[in-house]
Amino acid sequence: MTDPAGGAPTPQGSGDWQTPPPPAQAPGGFQQAPVAAGPAPGVSYADLVTRIIAYIIDAILLSVVFWVVGIAILGGLLLTGGIAGALIGFVVLGGLYLVGSAIYFIYTWTTMRASPGQKVLNLETVNAADGATLTRDQAIRRWAFLFGPSAVGTVANFALAGTSIGILGSLISLATFVYTIYLLYTASQSPKRQGFHDVQSGTVVVKRG
């Protein structure tokens, strides 16, 4: 089955991708809604705990690369430009984090159907309608709604580091934390475990096997 928008075909033998009627949602609070039946044989909607673990794996991988590069950049700018060079380095690091995060997730979602962290746990991020590989536009939208606010917050924190308005960075961090809780809440209330970011990009996270 092929995504009409240009996505790659789904793996052979995955079965017909179906959209069963969602069960009734759990009433109020943070109680999770019942999970809908999987869209195809051998495919189920991924639970939140597994998805969070996959993200932690991705975050570790990104952090290792980021700090190796970051230490080299900061060290070089500190030696050549002193404190002013270090401040410029923080801004550069923030920009690198923003771009690096976008490339990491958008590339892996559109080429491997999953980020490396998701691959480890047999998860896939696919088109919600037919299970096809995400188009680039879908992947960009999903990254923007899922990681965009936190990435921008990180850039702001780096840019404000050591300045007299550093408290603004703390407020931005608080706002991104609240947004993350909102994404988790919306996913927990969806029978297909689609958070706000999934709904906006037409995606869903599934587990095979």
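Positions are given from 1 along the sequence.
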Open item on the list: Would you say that Ser188 contacts Leu48 through its side chain, given a criterion of any heavy-atom pair below 4.5 Å between the two side chains?
Closed with: yes
- [ ] Measure the spacing between OG1 of Thr186 and CZ of Phe196 and express it to the nearest 0.5 Å.
- [x] 8.0 Å
- [ ] State, to 0.1 Å, how close Val204 and Lys192 come at their nearest heavy-atom pair, and which atoms those are.
- [x] CG2-O, 3.6 Å
Task: Lys/Arg N to Asp/Glu carboxylate O, Arg193 vs Asp47, below 4.0 Å - done: no
Task: Any donor-acceptor pair under 3.5 Å from Tyr179 side chain to Phe145 backbone - done: yes
TODO: May I ask you to test the Phe147-Tyr104 pair for a side-chain heavy-atom distance under 4.5 Å?
DONE: no
TODO: Specify the closest pair of heavy atoms between Val206 and Pro39, including all atoms of both residues, with the distance to one decimal.
DONE: CG1-CG, 4.5 Å
- [ ] Without swapping roles, check the side chain of Thr50 against the backbone of Ala46 for a donor-acceptor pair under 3.5 Å.
- [x] no
TODO: Side-chain contact test, heavy atoms from C-beta onward, threshold under 4.5 Å: evaluate it for Leu61 versus Pro116 and give yes or no.
DONE: yes
Open item on the list: Contact between Ser115 and Trp109 at the side-chain level, heavy atoms closer than 4.5 Å - yes or no?
Closed with: yes
Task: Gap between atom CD1 of Ile56 and atom OG of Ser63 - 0.5 Å precision - done: 11.5 Å
Open item on the list: Check this for me, if you would: do Arg51 and Asp198 make a salt bridge, where the nitrogen-to-carboxylate-oxygen distance has to be below 4.0 angstrom?
Closed with: yes
Open item on the list: Quick check for you: to the nearest 0.5 Å, what is the distance between Ile106 atom CD1 and Thr111 atom OG1?
Closed with: 11.5 Å
TODO: Take Arg208 and Arg113 through the test side-chain contact (heavy atoms from CB on, under 4.5 Å) and record every step on the way to the result.
DONE: CA-CA 12 Å; Arg208 292 192 178 273; Arg113 296 168 59 88; 3.4 Å; yes
TODO: For residues Tyr45 and Ala36, report the shortest heavy-atom separation together with the two atoms involved.
DONE: CD1-O, 3.6 Å
Task: Donor-acceptor contact below 3.5 Å, side chain Lys119 vs main chain Met112 - done: yes
- [ ] Grab the two heavy atoms, one from Ala33 and one from Pro191, that are nearest each other, plus how far apart they are.
- [x] CB-N, 4.5 Å
Task: Any donor-acceptor N or O pair under 3.5 Å, side chains Gln118, Thr125 - done: yes
- [ ] To the nearest 0.5 Å, tell me how far Arg142 CZ sits from Asp137 CG.
- [x] 15.5 Å
TODO: Test side chain to side chain donor-acceptor pair (under 3.5 Å) on Trp143 and Ser101 and set out the steps.
DONE: CA-CA 9 Å; Trp143 177 87; Ser101 170; 3.0 Å; yes
Task: Shared hydrophobic cluster for Leu146 and Val49 (ILVMFWY, side-chain gaps under 4.5 Å) - done: yes
Task: From Thr203 atom OG1 to Gln138 atom CD, the distance as rounded to the nearest 0.5 Å - done: 7.0 Å
TODO: Report yes if the side chains of Ile53 and Val120 come closer than 4.5 Å at any heavy-atom pair, otherwise no.
DONE: no
Task: Donor-acceptor pair, side chain of Ser190 and main chain of Ala187, under 3.5 angstrom - done: no
Task: Connected via hydrophobic side-chain network under 4.5 Å: Val35 and Val199 - done: no
- [ ] State, to 0.1 Å, how close Thr133 and Thr110 come at their nearest heavy-atom pair, and which atoms those are.
- [x] CG2-O, 3.5 Å
Open item on the list: Check the orientation of Phe105 and Tyr55. Use parallel for under 30°, tilted for 30 to 60°, and perpendicular for over 60°.
Closed with: parallel
- [ ] Could you tell me whether Phe177 and Tyr182 have their ring centroids closer than 6.0 angstrom?
- [x] no
Open item on the list: For Gly117, is there any backbone N or O sitting under 3.5 Å from a side-chain donor or acceptor partner on Asp58?
Closed with: yes
